[in-house]
Each structure stands twice: as C-alpha cells, then as structure tokens.
K.L.:
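Below is one structure. I have some questions about it.
Numbers for residues simply follow the sequence, beginning at 1.
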Amino acid sequence: MPRLIYRLSELNASQVAEAGGKGASLGELIQAHAPVPPGFVVSSCAFRDCFFQGDLKQAVLDVIRRLNADQLELAQARAEIQDCFEGIAFPDEIKAAVQEAAAELQSARVSVRSSATCEDSATSAWAGQLETYLDVSPGEITERIRDCWLSLFSESALAYGATHGYASGEIAVAVVVQQMVDSEISGIGFSVHPVTQEPDIHLIEACLGLGEAIVSGRIVPDQFIVQRGSRQILESIVGEQKEALWLGNGTAKPVWEQLDGRGSQPKISADQVTEFAGILSRLHDHYGHPIDTEWAIENGQFQILQARPITTLAAEYDQPLIDPGFEWQFCVRRPFFLLAGSILPYWMDAKHADNTLGTHLNEALLIQDETGMMNVFYPKRSADAFLERIGDLFQNDREELLRILRYGLGIYAQGPAVIKQGLSGFENLTELEDFFADVAQHTTVFPAWVLIYIEQEGIDDPEVRGLAEQIRSHSLYPVIERQILEPLAIQTAEQLGLAEPERACDLFLWSELKAGTVTRELLESRLQSVEAGQRYIFQVNAGAESFQLVSQTGYLLTRLAKQRRRLSVSDTGELTGQVAWPGIFRGRARVVLSMDSQGFTVREDEVLVSIQSSPALLPLMQSCGAIVTDDGGIACHAAILARELKKPTLIGTGKATKTIRDGDLIEIDTYAQVVRILEQAE
C-alpha cells in the first residue's frame, strides 16, 4: 500500500513526486529552519492510486486527448470530465488516514491547498490554476481535498497544462493541510527582481489581510526594493489599497471588505522589511537559486507560506553582460541589422568625430530587442558633451554651426550618386567606413542634437532650426543598407559557402569583416543561435568590442531604464503602469471586463485589456499579443503567467478599461512604461 500521508517536517525538495511542488517546498523550508505553520500532505499516491485510476482515468484522458486535438472546447472538456467524476466516492482508506493526521495536528481551523507534482517547478509555477481553501474545519477537510483534486481539470488548469506540455495523465495532485494563519498582513518576496532580473535586488510586496489579494491582481500593494546583503531599502511605494481579503465566519473562501484610511498607510515598517529581507536572502542561499515566496504576519511574527523557483529568469541573468561602470543613456531605436548596427560606434570615434561633434565616442551599447529592433545607448557623459558642443557653437561660433548644417544638406546632393555605384564606388572598406561616418554625423547625429538642444534650451533661431529640420527630413540609411551593406554581406556569405547567404546581414560585425575573420563556421554557428531565438548585445568600451548572443534582452532594457518601480497613473493621453514582462507591441484593443474567458476570443494581433487578467483569463492571455490591466502588482498571478508566456505586459494602469475602447489601435511600450492610444475605433 503506498504511503498516503506525510508530515511536512518529513519532506524536502526532492520529494515533489510524492508531495507536489508546494508540499515538497514547505518541507524544504522547515529543513531551512524557516518559520512554517505545521501541517501534513495527502500524497499524490492518494490521488493517483486510490482515486484517479482504471476506467475513470482512461475516460478523463480520452477527453483530454480530444481537447488537445482541437476536437473539444475547454468548457465542453471540463463538463465531460466533471461528469466522469459524478458519483465517485472519496476512498475510505484515505478518509481514515486524513482524520488521524488532522487529530494529530490538533488545529481548529486549517488551510487546504492543491500541490500538483509539476507545480512550483523551475519551469512553471501553475500560479493560481489549482484550488486553495482557507479556514476549513476538521470535518470539512476530506471534501476540500476532493475539490483540490478536481481543480486539476478546471478550464484554466487544462489550458495551462497544454501550454506547458503536460499530459494530465502524467501528473497528480497532492494536497497540503496546514494550521490556518489568520493573516493580519501578507505579502510576496522575490529574492531576485523578476522583471529587471537584478541578482542583488529583492522585491517585497505587502498588503493588509490575506495574500490572495496581491496574487489576485485586484489591489495595488506596497512595494519595497531592497539591496541584498546590506538590506538597505532603495525604493518604497505605499499602495492605495482600497479593499482587503479577510477570513469569513466559517466559510472556506475569504471575503472582500472595503478599507478605511488604513489602506493608504504603510502596511509594514522599515524594520519589518529589513527583517524579511534577511529571511529571504538566507532562503535564497539555502535553495541555491532565486525564489518567489509568500509570507504572512500573525501576532507580529513572520510565517513563510510558500517558496518556489522564479520561473522566468534568463539563463544569463546574473552574468556581467553590460559594463556597469557607465551611466548608459538611451539614444535611439532603429530597425538596423547587425552589420549596419556594428558600424555605429565608428561614426563618432576618435578618427572621425572631433571636428564636427567636438568630442568622440569610445563607448557604445547596442541591444537587440524581442522585435528585432536595435536599441542604442551612449554614456551620459558623451550625450552631455554633444550638447555642450552645440551650446558652444550657438554662443560663440554660429557661422560654424550654419556651415556644418549646410555641409550636411550638401551631402544629399552628392550622396545618392556615390551610393548608386554600390561597392564599386569605393576602393576599400576603410574608404567606405569614412563615407558612412561623414553621412551619419552630418545628416543624422549633428542636426539631431541641434534640434534636441533647441528644444531643451527654448532657443528661437528659425534659420538654424529650419536647416536642421530640412536635413532630418531626409535619410540615406535605407539606400545605403539596400545598395551597399546587404550586397556586401551576401557576397561575403556566398564566397564562404553559407547555405542561406541572405541571412548574413545579422550574422557578423563590421570589425570582423574588416579584419577578415568571418568564416563559414562562424556564420553557421550564429545562424543556429539566431534561429533558436537568441538576440545580440554589442558593446564598445575604450575601442574594444564585445559581442554576445543571449536568450533574453528585454530585462536588460528594462534594467537600463531603471524601471523597477511602479509609475503613478498619468493625467496625459498615455497610460502608465508597471512592467510585468518587457516588450513593445502594437495592435487593436480587446477589452474584456469579465473575470473569466467564456464567450470571448482574442487574436494574436490584439492586446488584451482587462481589469485584473485573472488566471481564469489564461486562454485569452495565451492567444493575445500583449496584456494591459487596470489593477495588480508585479507579484500577482497574472503577472507571473505573463512572464511565463513572455507577452509584453503593463499592469496597474488604474484606468485602462475606462480609457481604451474595444477596437482602438494601441501601442504598449514597456520600456517607456506607457500605453499609447494611436487611433480610436469608429
């Protein structure tokens, strides 16, 4: 006979197969000497060997097979599975074992929580998909265990399981029964920031009442950014919590209640934040990887309710991919391929830039984002030097300023004829590089900074402005890319025997081309990485280059933008919020005010705009292109799911569903932390 019951103190992280992800993790927390409420686990064997077997199991798996083959809708699949379990009694041997364990626990009220064997793993959290019941009496435990088992076959759980590649016949559900914690204050703690992925930053959120209020996405919690090690609170924001979840009188589900002024006050003290940061850091070290925790305070003491791996970090999240010694300032985002982008630093190097720009640039950072666009960063000191040069010309040598602008305008008279000759118009790559630098500085960089300076300083100079705007109204780049760089890349790849030479523009650097180090092996290796979804980071530091292909770059862009925190709701036409997953997406809005997905469809070219984006909306979250919500914090279930789905998501905008109408063309730009309405629906 398989073992049906385990005390939490008997478990550890290796026993996921018996206790599920949540149960095994609670056991591991006890091994780490964390403050964990006592309890026991009804093992997965109880579900699999005593309840979900034989003809019943086969009938359910047949429904799931038809669902995965698109022969059934989710609602129909759920209904058919529910019919399969109709009349199936709770096994007597499990009931007896549970009653014995509950008597040993000696707790008047308990929580009963699902713990799937694939839950809280390193790849999937199953956040909010399975049931939890609170404030349960001993006599109700077996009924709630059955409800937890059946929650494996809810619509959202079936959809989530399909997304993560699990066949429901291969997983089982354990159930955790714990002494109830009547939370006065609850919260979430990430040992690594889940969006910017800074390895030395903790993110802690807190609310009044039960922590389900945070993970539901219905409230805006307090938020604290804490430096790991020193436990210094770097940033803190008090959320305007308007309602809280409290335990009802004898009900298995908590009750929402409106708050008075308490909701706008800090929920925990600075001392409590640093105390929990110490617990979080210690647990991170114990587990040996970043963790996401749930906690509560009862009678002034912390209780740890859950710990699981953070499932969405890049493989390289803790590697020094970017030189931290610079205050990098975003400059521009453009659709340059790698070969074209890697020339940019040479436009303003020591050889080319001093006479025009008054300074040269030995540092630059280029990051390809999820759309394939290139994001250019320069050190702030270089940007300041550009503006200083323009200011000096305005004040001391306006004629030189006009001469440089007129020279740029003259390039448009001569440039097209040179470009039309293609590669034959240049004797060597050095001459071609000099031409690029001349075009770039005088038709883009210099006039652009002139216009920036004019706007920044409020200068009224129609002649200078007119020349700069006239220059910026043209662009030679597309022609240069099409007639020079692309043929050069393709020619190089063809000579080396690359099977897909038309892909070569994204596979090697300008410096590698000049040095003659481009090989077929290099191109084939990089093509394989690009096809696997990797993106590039290219950096120049004191003239030395570094190039890397990595699994994610969005978190680096968010990190550079210093967007750890929530922005306040804007009074402009743009909506502001907090980044749950980075990215840029443009599409028509699909406004869904319901808390479930029944009766709604969303296409992959549309943006799901919802109040909370609860886990019940998972089918819509899976099919949409991006997500915007009114409410929620970075630790809510919807934010976790968005990160797993890797959908650009902005949460907590406050008024998205009131401002955006169904069919509006909108753009979600998480790097600017805004949602823009580009075109209103008719």
K.L.:
In Å and rounded to the nearest 0.5 Å, what is the CG to OG distance from Asp292 to Ser25?
P.N.:
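Here the rounded value is 10.0 Å.
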K.L.:
Contact between Leu305 and Pro37 at the side-chain level, heavy atoms closer than 4.5 Å - yes or no?
P.N.:
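Yes, close enough: below the 4.5 Å cut-off.
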K.L.:
Run the numbers on Asp630 and Lys655 for salt bridge (Lys or Arg N to Asp or Glu O under 4.0 Å), then give the verdict.
P.N.:
CA-CA 5 Å; Asp630 289 349; Lys655 55 182 182 180; over 6 Å; no
K.L.:
How far apart are the closest heavy atoms of Asp669 and Ile584, and which atoms are they?
P.N.:
OD1-CG1, 3.6 Å
K.L.:
Using distance alone, with no hydrogens and no angle criterion, decide if Glu644 and Thr311 have a side-chain donor and acceptor under 3.5 Å apart.
P.N.:
yes
K.L.:
What heavy-atom pair brings Ala277 and Val226 nearest, and what distance separates the two atoms?
P.N.:
CB-CG1, 3.8 Å
K.L.:
Restricting to ring-ring contact (aromatic ring centres under 6.0 Å, His included), what partner residues turn up for Tyr6, sequence neighbours left out?
P.N.:
none
K.L.:
Please report the shortest heavy-atom distance between Glu240 and Ser264, naming the atom on each side.
P.N.:
OE1-CB, 3.3 Å
K.L.:
Any donor-acceptor pair under 3.5 Å linking the side-chain atoms of Asn12 with those of Ser14?
P.N.:
yes
K.L.:
Would you check if the side chain of Thr558 reaches a backbone N or O of Pro582 as a donor-acceptor pair within less than 3.5 Å?
P.N.:
no
K.L.:
Taking the basic N atoms (NZ, or NE/NH1/NH2) and the acidic carboxylate oxygens, is any pair closer than 4.0 Å for Lys562 and Glu235?
P.N.:
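Between Glu235 and Lys562 there is no salt bridge, as every charged N stays at least 4.0 Å from the carboxylate O atoms.
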K.L.:
Backbone N or O of Gln265 within a donor-acceptor pair of the Lys267 side chain at under 3.5 Å?
P.N.:
yes
K.L.:
May I have the step-by-step check of salt bridge (Lys or Arg N to Asp or Glu O under 4.0 Å) for Arg218 and Asp631, ending in yes or no?
P.N.:
CA-CA 6 Å; Arg218 183 163 165 171; Asp631 301 327; over 6 Å; no
K.L.:
Does either side chain, that of Gln552 or that of Gln197, offer a donor lying less than 3.5 Å from an acceptor on the other one?
P.N.:
yes
K.L.:
Is it true that a side-chain atom of Gln241 and a backbone atom of Gly263 form a donor plus acceptor pair closer than 3.5 Å?
P.N.:
no
K.L.:
Tell me, with the steps shown, if Leu150 and Arg146 meet side chain to side chain contact (heavy atoms under 4.5 Å, CB included).
P.N.:
CA-CA 6 Å; Leu150 296 184; Arg146 178 189 171 95; 4.1 Å; yes
K.L.:
Quick one: SG on Cys148 to CD1 on Ile141, what's the gap to the nearest 0.5 Å?
P.N.:
11.0 Å
K.L.:
Show the nearest heavy-atom pair for residues Val609 and Ala656, with the distance to one decimal.
P.N.:
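Scanning both residues, the minimum pair turns out to be CG1-CB, 3.9 Å.
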K.L.:
Could you walk me through whether Leu259 and Lys242 satisfy the side chain to side chain contact (heavy atoms under 4.5 Å, CB included) test, starting with their C-alpha distance in whole Å, then the side-chain angles of each, then the deciding distance to 0.1 Å, before giving a yes or no?
P.N.:
CA-CA 5 Å; Leu259 291 172; Lys242 298 177 181 179; over 6 Å; no
K.L.:
Could you check whether any side-chain N or O of Ser115 sits under 3.5 Å from a backbone N or O of Ala19, counting only pairs where one atom can act as donor and the other as acceptor?
P.N.:
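Indeed, once roles are kept as given, a pair shorter than 3.5 Å links the two residues.
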K.L.:
Side chain to side chain contact (heavy atoms under 4.5 Å, CB included) between Ile627 and Val607: does it pass, once the steps are laid out?
P.N.:
CA-CA 6 Å; Ile627 303 163; Val607 180; 6.0 Å; no
K.L.:
Determine the sole option in Leu203, Ile640, Val215 for which the side-chain contact (heavy atoms from CB on, under 4.5 Å) test with Ile188 is passed.
P.N.:
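Going through the options one by one, the only one that passes is Val215.
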K.L.:
Within 45 degrees of the ring normal and closer than 6.0 Å to the centroid, is that where the cationic atom of Arg7 sits relative to Phe40?
P.N.:
no
K.L.:
Would you mind reporting whether Val192 and Ile201 have side-chain heavy atoms less than 4.5 Å apart?
P.N.:
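When only atoms from C-beta onward are counted, Val192 and Ile201 do not touch, as no gap falls below 4.5 Å.
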K.L.:
For the CZ atom of Arg113 and the CG atom of Leu134, what is their distance to the nearest 0.5 Å?
P.N.:
8.5 Å
K.L.:
For a 4.5 angstrom cut-off between non-hydrogen side-chain atoms, does Asp323 reach Leu365?
P.N.:
no
K.L.:
Once you round to the nearest 0.5 Å, how far does OG of Ser114 lie from CG of Asp147?
P.N.:
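One finds 9.0 Å between OG of Ser114 and CG of Asp147.
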K.L.:
List for me each residue that meets side-chain hydrogen bond (donor to acceptor under 3.5 Å, both in side chains) alongside Gln31, sequence neighbours excluded, and say none if there are none.
P.N.:
none
K.L.:
Should Ile668 and Ile666 count as side-chain neighbours, where that means a heavy-atom distance under 4.5 Å?
P.N.:
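Ile668 does not reach Ile666 side chain to side chain.
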K.L.:
Kindly say whether Glu140 contributes a backbone atom to a donor-acceptor pair with the side chain of Glu143 at under 3.5 angstrom?
P.N.:
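Flag not set: sc Glu143 to bb Glu140 has no pair under 3.5 Å.
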K.L.:
Distance from Glu257 atom CD to Trp246 atom CH2, nearest 0.5 Å?
P.N.:
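It is 8.0 Å, given to the nearest 0.5 Å.
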K.L.:
Is any side-chain heavy atom of Tyr133 closer than 4.5 Å to a side-chain heavy atom of Ser111?
P.N.:
no
K.L.:
Quick check: closest heavy atoms across Tyr671 and Gly554, and the distance to 0.1 Å?
P.N.:
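Looking at all heavy atoms of both residues, the shortest contact is OH-CA, 3.5 Å.
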K.L.:
When you measure from the side chain of Thr653 to the backbone of Thr576, do you find a donor-acceptor pair of N or O atoms at a distance under 3.5 Å?
P.N.:
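No.
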K.L.:
Going by the salt bridge (charged side-chain N to carboxylate O under 4.0 Å, His left out) test, which pairs reach into residues 276-290, not counting sequence neighbours?
P.N.:
Arg228-Asp285
K.L.:
Drop me the distance from Glu10's CD to Gln15's CD, to the nearest 0.5 angstrom.
P.N.:
8.5 Å
K.L.:
For Glu205 and Ile634, indicate whether the former's side chain and the latter's backbone hold a donor-acceptor pair under 3.5 Å.
P.N.:
yes
K.L.:
Could you tell me whether the side chain of Thr274 and the main chain of Ala270 form a donor-acceptor pair under 3.5 Å?
P.N.:
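Such a contact is found between Thr274 side chain and Ala270 backbone.
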K.L.:
Could you check whether the rings of Trp295 and Phe276 sit parallel, tilted or perpendicular, using 30° and 60° as the cut-offs?
P.N.:
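Correct class here is tilted.
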K.L.:
Does the side chain of Leu313 come within less than 4.5 Å of Pro290's, by heavy atoms?
P.N.:
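Answer yes - side chains close enough.
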K.L.:
Please find the pair of heavy atoms, one from Gln227 and one from Leu234, that lie closest to each other, and give the distance.
P.N.:
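The pair with the smallest heavy-atom distance is OE1-CD1, 3.5 Å.
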K.L.:
Going through the distances and angles, do Ile5 and Val41 end up as a side chain to side chain contact (heavy atoms under 4.5 Å, CB included)?
P.N.:
CA-CA 6 Å; Ile5 302 291; Val41 172; over 6 Å; no
K.L.:
Where the side chain of Ser183 meets the backbone of Gly209, is there a donor-acceptor pair that is under 3.5 Å apart?
P.N.:
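Pair absent, no side-chain N/O of Ser183 close to backbone of Gly209.
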K.L.:
Side chains of Ile268 and Phe224, heavy atoms from C-beta outward: is any pair under 4.5 Å?
P.N.:
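Yes, close enough: below the 4.5 Å cut-off.
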K.L.:
Tell me every residue that passes side-chain hydrogen bond (donor to acceptor under 3.5 Å, both in side chains) with Asn375, counting only those two or more places apart in sequence or in another chain.
P.N.:
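Listed in chain order: Asp369.
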K.L.:
Could you go step by step and tell me if Glu316 and Ser551 meet the side chain to side chain donor-acceptor pair (under 3.5 Å) rule?
P.N.:
CA-CA 7 Å; Glu316 313 87 2; Ser551 63; 2.9 Å; yes
K.L.:
Is any side-chain heavy atom of Ser281 less than 4.5 Å from a side-chain heavy atom of His202?
P.N.:
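Sidechains of His202 and Ser281: in contact.
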K.L.:
Could you work out, with ring-ring contact (aromatic ring centres under 6.0 Å, His included) as the rule, every residue matching His286, not counting sequence neighbours?
P.N.:
none
K.L.:
Pairing donors with acceptors under 3.5 angstrom, does anything connect the side chains of Tyr287 and Ser191?
P.N.:
no
K.L.:
For residues 175-199, pull every pair meeting salt bridge (charged side-chain N to carboxylate O under 4.0 Å, His left out), keeping only residues two or more places apart or in separate chains.
P.N.:
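The answer is Glu198-Arg564.
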K.L.:
Regarding Ser236 and Gln223, is there a side-chain donor-to-acceptor distance under 3.5 Å anywhere?
P.N.:
no
K.L.:
Can you check whether Pro199's main-chain N or O pairs, donor with acceptor, with Asp318's side chain at less than 3.5 Å?
P.N.:
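Here the side-chain-to-backbone pair does not exist.
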